[in-house]
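So that the names make sense, note that chain A is the first sequence line, chain B the second, and so on, each numbered from 1.
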2 protein chains.
Amino acid sequence: MYQLTNSLPYLLNRVGVRMGELFSRRIAGYDVTLPMYRVMAALWEQGDQRLGDLAGMTSIEMSTLSRLIGTMKRKGLVSRTRLKDNARTVAINLTAKGKSLVEELIPIAVHFETVAVREFTTKGVTDLKTTLAEIYVSLGTLEPEIAEAEAQRRASKRQA
Amino acid sequence: MYQLTNSLPYLLNRVGVRMGELFSRRIAGYDVTLPMYRVMAALWEQGDQRLGDLAGMTSIEMSTLSRLIGTMKRKGLVSRTRLKDNARTVAINLTAKGKSLVEELIPIAVHFETVAVREFTTKGVTDLKTTLAEIYVSLGTLEPEIAEAEAQRRASKRQA
DNA sequence: GAACAATATTTGCATTTGCAAATGAAAGTC
DNA sequence: GACTTTCATTTGCAAATGCAAATATTGTTC
């Protein structure tokens, strides 16, 4: 007998949402939203990214990210520069202000993680992370069957 | 040296977003969104829920859920009835149509989970689920310090 | 039992989101 | 070198979201 509340997607989503919501509230005083933090932390780890790369890294949809980068630029947190050699791409970077802000926030994120995994051993934590990464990869397997479902959907829509 | 991409929140969010996005696309042909599926699956597990309970169970914010239930009612998937004995609460239930639809979708969700954890042993999977549930609980510990951050925020706002 | 506090849900409003189409720029192709 | 194709990003538009305020109902206190 299936139970939503014992399913992996449910448990994952629940903990993800909760953590995000708590972290959002925690950093609201810095005038940053959670997506902004994600962008800054991603750029802190790897600067000079193109929009598409950053979208992949942050799991933020590209059009959403494009606009988000716009508001972050207005806030002086990031820079967006069209490249001279390939002007259809754009290089996104942290500004000094963005860098120093994210360096204030990262310790808070670290603290959150520490609290979250307080009950587990170091090995338990690395195993968990490996597991999560492996699941992410396994999900790729689903693409073909989803593409087929979508193709059928498009076909029946053309009909109508 | 901190790395966003090796942090627990990042890994959790990433796999959650991916799975959600794939599942959304998979079920789009049934004219259901992911949040709708979540509501139906929650009601399938436990019917006759009040809005607040359902919000807690699905991790959907209450005002969002209120409106979502509205559109689902219009689609004939759920019923919403004010109680006679306590008319400030509302009882939400699946309709026959909603029930049969969710019973079509659950096997798809089960399949997704199967694929996601294909690499792991049964024990590995139960352990993972237990871990996720424990982390969820641990996060509660953070509430007090967040409340304090929010209080300070409110105080400085009153100033301004 | 009238006034006030507490609880549950809904709504107003501004912002965010995401798909699909549009734009801008570089790469073939002939 | 004008042409279509492909690639990367942005924008139009309608829908979804979330906070805070409003509403509706019950509970409490005097």
Checklist entry - Taking NZ, NE, NH1 and NH2 as the nitrogens, is one of them in B:R118 or A:E134 under 4.0 Å from a carboxylate oxygen of the other? => result no
Next on the checklist: If the cut-off is 4.0 Å, is B:S63 near the phosphate of D:dG18, judged by side-chain N/O to OP1 or OP2?
Outcome noted: no
Checklist entry - Rounded to whole angstrom units, what separation is found between the CZ atom of B:R38 and the P atom of D:dT17? => result 10 Å
Checklist entry - How close or far is atom P of D:dA16 from atom CD1 of B:I60, stated in whole angstroms? => result 12 Å
Checklist entry - A:L68 CG to D:dT9 C1': how many Å, rounded? => result 15 Å
Checklist outcome for this item: Paired with A:P35, the side-chain contact (heavy atoms from CB on, under 4.5 Å) test is passed by just one of A:L65, A:T58, A:L68, namely A:L68
Next on the checklist: Using whole Å, what does the distance between atom P of nucleotide D:dC19 and atom CE of B:M62 come to?
Outcome noted: 12 Å
Checklist entry - Among the nucleotides C:dG18, C:dT9, D:dT17, which one has an atom lying closest to any side-chain atom of B:T89? => result C:dT9
Checklist entry - Is the distance from OP1 or OP2 of C:dT9 to the nearest side-chain N or O of B:S66 less than 4.0 Å? => result no
Checklist entry - What integer distance in Å separates B:E61:CD from C:dT9:C1'? => result 12 Å
Item to check | Nearest listed nucleotide, side chain of B:R67, among C:dC19, C:dT11, D:dT9 | outcome: C:dT11
Checklist entry - Please give, in whole Å, the distance from D:dA8 P to A:R80 CZ? => result 17 Å
Item to check | Distance-only donor-acceptor test, B:R88 side-chain atoms vs D:dG27 base atoms, 3.5 Å | outcome: no
Item to check | Residue-phosphate contact under 4.0 Å: B:R50 side-chain N/O, C:dA8 OP1/OP2 | outcome: yes
Next on the checklist: Quick check: any donor-acceptor pair below 3.5 Å linking the side-chain of B:R25 to the base of C:dG18?
Outcome noted: no
Next on the checklist: Check whether B:F112 forms a cation-pi arrangement with B:R26 (NZ or CZ under 6.0 Å from the six-membered ring centre, at most 45° off the ring normal).
Outcome noted: no
Checklist entry - For the base of C:dG24, is there a side-chain donor-acceptor partner from A:R82 under 3.5 Å away? => result no
Checklist entry - Base, sugar-phosphate, or nothing: which does B:D85 touch, judged by heavy atoms less than 4.0 Å apart? => result sugar-phosphate
Checklist outcome for this item: Which of D:dT9, C:dT9, D:dC19 is nearest the side chain of A:L51? It is D:dT9
Next on the checklist: Check whether B:Y136 forms a cation-pi arrangement with A:R14 (NZ or CZ under 6.0 Å from the six-membered ring centre, at most 45° off the ring normal).
Outcome noted: yes
Checklist outcome for this item: Rounded to whole Å, the CD1-P distance (A:I69 to D:dT11) equals 13 Å
Checklist outcome for this item: On DNA chain C, more 5' by nearest nucleotide between A:P35 and B:A91 is B:A91
Checklist entry - Given atom CG of B:L34 and atom C1' of D:dT17, what is their separation to the nearest angstrom? => result 15 Å
Checklist entry - So A:E45 and A:M57, side chain to side chain contact (heavy atoms under 4.5 Å, CB included) or not? Walk me through it. => result CA-CA 11 Å; A:E45 175 167 336; A:M57 187 166 177; 4.0 Å; yes
